[in-house]
Every structure is written in structure tokens, then in C-alpha cells.
Amino acid sequence: MMQRNILVTSALPYANGPIHLGHLVEYIQTDIWARFQRLRGHRCIYLCADDTHGTAIMIRARNEGRSEEDLIASMSDSHQRDFAGFGIEFDHYGSTNSAENKELCSLFWTALRNAGMVAERTIEQLYDPQAETFLADRFVRGTCPKCGLTDQAGDNCNCGHTYSPTELINPKSTLSGATPVLKNATHLFVELEQLRQFLVQWIQEGDHLQSEVANYLKGHFLNDELRDWDVSRPTPYFGFEIPDAPGNYWYVWFDAPIGYIATTQQWCEANNESLDQWWKNENTEIHHFIGKDITYFHTLFWPGMLKTAGFNLPTKVHIHGFLTINGEKMSKSKGTFIAAETYLKYINPAYLRYFYASKLTPRVEDLDLGLDEFSQKVNTDLVGKVVNLASRVGKFAQETGLAEQYPDDGGLFTEGVKAGDEIAAAYESKDYSKAIRRIMELADAANPFVEHAKPWEMKKDPDRKDELQAVCTVAINLFRQLIIYLKPVIPTLAEQYSQWLNEPITSWDQSKNPLLAAKVGKFNRMLDRLQIEDLEKMIEESKNLDQAIESDPDSSYVDSDQPLNDEPISEEISIEDFSKVDLRVARVISAEHVPEANKLLKLQLSLGGSETRQVFAGIKAAYQPEDLVGRLVIMVANLKPRKMRFGLSEGMVTAAGPGGSEVFILGVDEGALPGQRVH
RNA sequence: GGGGCUGUAGCUCAGUUGGUUAGAGCUGGGGACUCAUAAUCCCUAGGUCGCGGGUUCAAGUCCUGCCAGCCCUACCA
């Protein structure tokens, strides 16, 4: 077999938050693929790094009163600890804030300049004179220029209008509360349109992308002229200063993917390898694993940059969907926003690796972690079928050892060898669910063999010792085959096997020949059943963690300042101003979905007696209609009715939260009656 | 509104280039065994393959229309 040289990466996690189960969908699937390739005898290096630059890091470091370097160093430690906990085995873990990365950024930059692809344009942007920084749209709030609503986001208003932050009336910086001023800033743009022909071809030919991704790009980007990409940010910015444009920094998404190469270089230096061997060599494969949210950075900009700078293009960009838990988006309040660290306290990481593998397909689909399904699958498959096979012959085998010749097993082992090719093909094409399915079919065939042979009867008859040895030899070799096939997913199980039989598993091909004439050590329990209670504890702790997040342990009521930062307090008003708003207690008497609307529920609210109001509320993602009926809510009763596509909305239901599924309706303590005014 | 993906047994999914009575695992029901982590084994139930057209000797599989779900995008709050 020809040995392939394969370089694999996962997306670089951003250094402003801990690793959670959603991230792990990616790192686990990449790790499985890399381990599989190595087991098959290929050269495969798996590289990753922290993504460390940008405004968010700068602001956070500022808020925490420490340097950016300090922040990213501690974040990198915690990321690497979490990854190690899940058995993610990087050949090297770097940082985008490295000397190597800086140098490579210059190299890419020069190439883009030389290719005549960099354009300079002055744009007018809001600037916070107090924080001394330019403000991205999301850091500005103010009054909507179209409808006059106060405290609206920098790029769009609750009234539905979109605009530029420069059009906002009375804008405020969310960083300092200061009034931003308009300031000219020169930005540098990469003219991607120049590479259009190349990109169109690269995207649609050569199987670099899943077909649905190629279609998506074709429909969304390639139909129109490719817009210039703004790759510079004026000072202050945490990142690398652009050498030929002092006072300007490369935008974080410029230097992040270059981090793949910089990390390779660090690895090369440590291992006496040449970078060109990996990144300028047509015999090397480059595989990026990423989530669907960062598709266009990796499928448009990145290939464009690589092409221009003369590096290898990705052989394949593998794109996956998001994680849902029990069919819903991860939610902090429901305790399903589970940090890697929290999971590790309660549950064996091998189980998550197995479960993800059993659900992953080559398509860009969201993966659902149903907690009941999770425990059931782990317990029936891994414990009941796989490990049980070894467990049930463990004691006998310790006495008999393995036979010199492989006994007649009715063709089971040979079947397993045949299946091995299919399983390998499934791993290769990232169809892990298929691989797992085939492996479990083998396990399903193995247990009846032991059952029908009845080794426990042989054990009672000294004359049948050879038969007993034969049964053990078969059972252990079938188990061994399973373990080898599962090794990319659950390497720890292979290690346990190796200790037991004193045989290291280093190659996929070991599955083709049975282990014979070997001593068998004492069998130790390999996996415990997954307890529902542990899952419950994990959820409970995740809920608490959310409430206590980043709080001072000495104080029980230290809440994050994030909400206030996101949305600062509005300008002062008089009591008369407030009294204009007529808030009323109302009872939800009916609630239903609006078929054509994505976010709206249609509510009928009763103000007591025969007074009712029809209100459309953007809470579909957060509430089920049936859960609302009967509840008391607080409504704005004198709001001018608004005609919507779906009907007339005669008021507004009050709620807090950023939106989407994070919406929390205001309630009222017991005793309040519909129609009563809120004073 | 535009684009994409999906829709097969209660649940999770297989169904190869269209070819005989549509499959598996789990769950459910009945039985057996005791080597094994209340594990295992045997038997069994259960499907108008989202719906309607069309192509074909033959369609879960191809074409088309519709419906539903999810995602992206736009609009709407």
C-alpha cells in the first residue's frame, strides 16, 4: 500500500471561552479520522492552535484587568487540558499569536500585494474617543433613525429596519458609554473577484467540498461579484501590525487560517521536518475539518490566499453541522450548555466519542445528542455487546490461554476480515455511523457463538478442556477484531485489551490474522454502565455553572456585566414619560403558531371581561404555545397597533433576553388580576 | 420569498447502478440460560417506504407537483 502524507486540522478554537460539547463534535471527529489514518499505516499529523486575536479578546482582557497575552495563555492551557481529557491527540497545538504566524502573515501579505490584489479605501467609521478604539457595529447602540426606538443595535432595529451604525441617532458606545464620533479610517481590502475563475473551478471540481456546500457557495456567492474583503483594522487592535501600513492590523480572520501553517512550521522545527514538504508538495494531502458557520472563510478566502501565496490548496474541507441536545439548541438555562470540563467530571469521555461516531455522517447535518439515546446506546452496544464478549470468557481464558491453531468458528473471523474493508472505507469517507453499524453487526454475531457453545458446561468436564480453549480463542479473537476496528474511536479500549493480552495494537491489518498461542492475563472490567443519574448531575451542574458563571466564589450574587455591556441603560426619563407607557397584566387565552412566520407566535390576551388583544410576539423559538395558555403576562396595552403581514398586532408582550431561544417573558406574583395596571 | 438538506416500523437508522414476499439495532410481548456489568440467547409483534401524478415489463430507488421538518438567506417582530 502506498503511504499517504496527510495533514489534518480542526478549526482553531477562539480564546475567549471554554470548550463545550458542541466544539467536541469537531475535534472528536477529526481525531478519529487522524487516528484511523495512522492505524492504516499512513503518515498523518493532526494540528491545531488557539485563535487569539481580535477585538473580543482585547475587550475581555481589558475588563479582566490583565494583558491579552495573559488571557490567551490561560485559555490555551484550559483548552489543551479539555482536549487531552477527551483523548484528542494533536501532534502540535500552537497559537496564532506566534512569531511564526506573524512572519507567514507577512509572506501572504506580500504575495497579495505583488499580485495587485490589495486595495486601499477610506471608510467612515464610528470611534469611541474614551476607549480610544473604533467600534464594530455590535458595539454601538442608539436610536433608530427610521422609527425612533431608543437603544437599538448598530446595524438594525427592532422595528425591522436595517441601517449603518453611522445613521443612528444619539449613538452610544457599549464599551464606555461615550458618544462615538465619526472618524475616517483607511482600510485595506483584498479584491477576491480577481480570483473568481479559479474559485469557481476549485469549488466545483475535484471533490474538495461536499456537494451541498458547493451548491450553497454557487448559489450565494458565485452568482454575484465577489465583494472585496476588508482585512485590516485600525489601532488599537490585538493582533499583528501590518508592516507596510503602520497603525493597521490584520483582521483576525486573516491571520487565523495562516495559523494552520504556522503551527505546522513549529511542529516541523521540533521534529526536524521541512515545511515545504507539507505545504508545497503535491503529494501531501491537506484536510480541514470545520463547522458550517465558518464555511466561506475556508472555501473562498483561504483557497484564494493559498493560491496567491503558492501553497498547497486543501485536498478537502470537511464541513459538519452543529450539536443539538435532546433536539434543541444548547441552552444555558436548561443546563444543556455543557462544558467539556463538566462532562469529564461525571462521564467517561469514551462514551461521547462513541456516541458522536455512531451518529456522524459525511453530510452537513446537525448532530443530536439525545440523552436517553446516549445512555442506551453506550450501555447496549459497548457494555452489553462488545465488552461483554471479553468479560464472559475472561475467567475461562485466563486458565486455558489461546489455542495454537485458530479453531472452526463457522466463518465468523473471516466475515470480520471482509467487513474490515467496508469499515475502513466508511471511516475514510467520514461515514462513521456506517462504520459503527458494521462493527456492531459483527458484535451481534459474536455473542450467540459463545452462547451456543456453552463454555460453562465445558468447564465442568475436564475432558473438554481443548473445546473450552477453542471457544475462548474464538471469543477473544472476535473481540480483538472489534477492538481494532473501534480503536480510532475508543483508543482506551484498545489499550485495555493490550494490557490484558500483552499485545499492542498498532495496525489495522492485525485484524486480518488471529492472535494464537498467547497467555491470557487477568480480566479487569473495562467499562462501567452509564448511569442516568450521572447525566442528571452533569445537567444540574451545568445549570448552576451558568448562574455562577465567572462569579467571585466569596459572593453568591455576582452576576456578569455582559447584559449591561451589550445594552447600556437608556437616557434618563421623567415620571410623566414613564406614565405614558400603559403596562397591564393580561392572561394568555390562546396561543398558536403562525405558519408563514419563522419567529412569531399569535397570542390572544385577555384584559379581563370581554377586553382582548391580539398580539404577535417573537418568542416562537423560546416557548411552546400550549405552555403559554393560561399564564399571566405583562403587556404594553396602549401601543399603537401595527399591521403585519400576518394580521394586526395590538400591543406587545414584555420579555427580557437577547432573542432567539433566549427570551424570558415577564411574569407577575400571585394575586395579580388581568387588566390591572403596572405602576 | 429564494436556496439547500431531510421525510422508510414506537425510537435511531440501512436500503448499493430501479428487479422477487422492504431490512437491522433498540424498545414492546413471550420463552431460555447463568459464563458475563439486572449482561446474554431464542422466538415474536410492528411499515399505504410523507402525499399525488408520471416514466417503465418493474419505483423506497428515476422525473414532476404538493405537504411537513431542519438549516442558510431575506423579510417580519
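Just so we're clear, the structure is a prediction, and the values are computed from it rather than from any experiment. Residue numbers start from 1 in every chain, and the chains themselves are labelled A, B, ... in the order their sequence lines are given, proteins ahead of strands.
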Describe the nucleic acid contact of A:K454 in one word from base, sugar-phosphate, nothing, applying a heavy-atom distance below 4.0 Å.
nothing
Taking atom P in both B:C49 and B:G10, compute the distance separating them and give it to the nearest angstrom.
12 Å
Among B:C71, B:U40, B:U12, which is the nearest nucleotide to the side chain of A:N388?
B:U40
Are A:E422 and A:K434 within salt-bridge range, i.e. N to O under 4.0 Å?
no
Classify A:K359 by what it touches in the nucleic acid, base, sugar-phosphate, or nothing, heavy-atom distance under 4.0 Å.
sugar-phosphate
Given Watson-Crick and G-U pairs under 3.5 Å, RNA chain B in dot-bracket ([ ] crossing, | other strand) is (((((((..((((.....[...)))).(((((.......))))).....(((((..]....))))))))))))....
When you compare B:C13 with B:A22, how far apart are their C1' atoms, in angstrom units rounded to a whole number?
14 Å
Base, sugar-phosphate alone, or nothing: which one does A:M458 contact when heavy atoms must sit under 4.0 Å apart?
nothing
Among the candidates B:U37, B:C5, B:C26, find the nucleotide nearest to the side-chain atoms of A:T380.
B:C26
Rounded to whole angstrom, note down the C1' distance from B:C43 over to B:C35.
23 Å
Rounded distance in Å - CG (A:D381) to P (B:A39)
13 Å
Would you say the side-chain atoms of A:R613 pair up with the backbone N or O of A:M652, donor to acceptor, closer than 3.5 Å?
no
Which part of the nucleic acid, if any, lies within reach of A:L389 when heavy atoms closer than 4.0 Å are counted: base, sugar-phosphate only, or nothing?
nothing
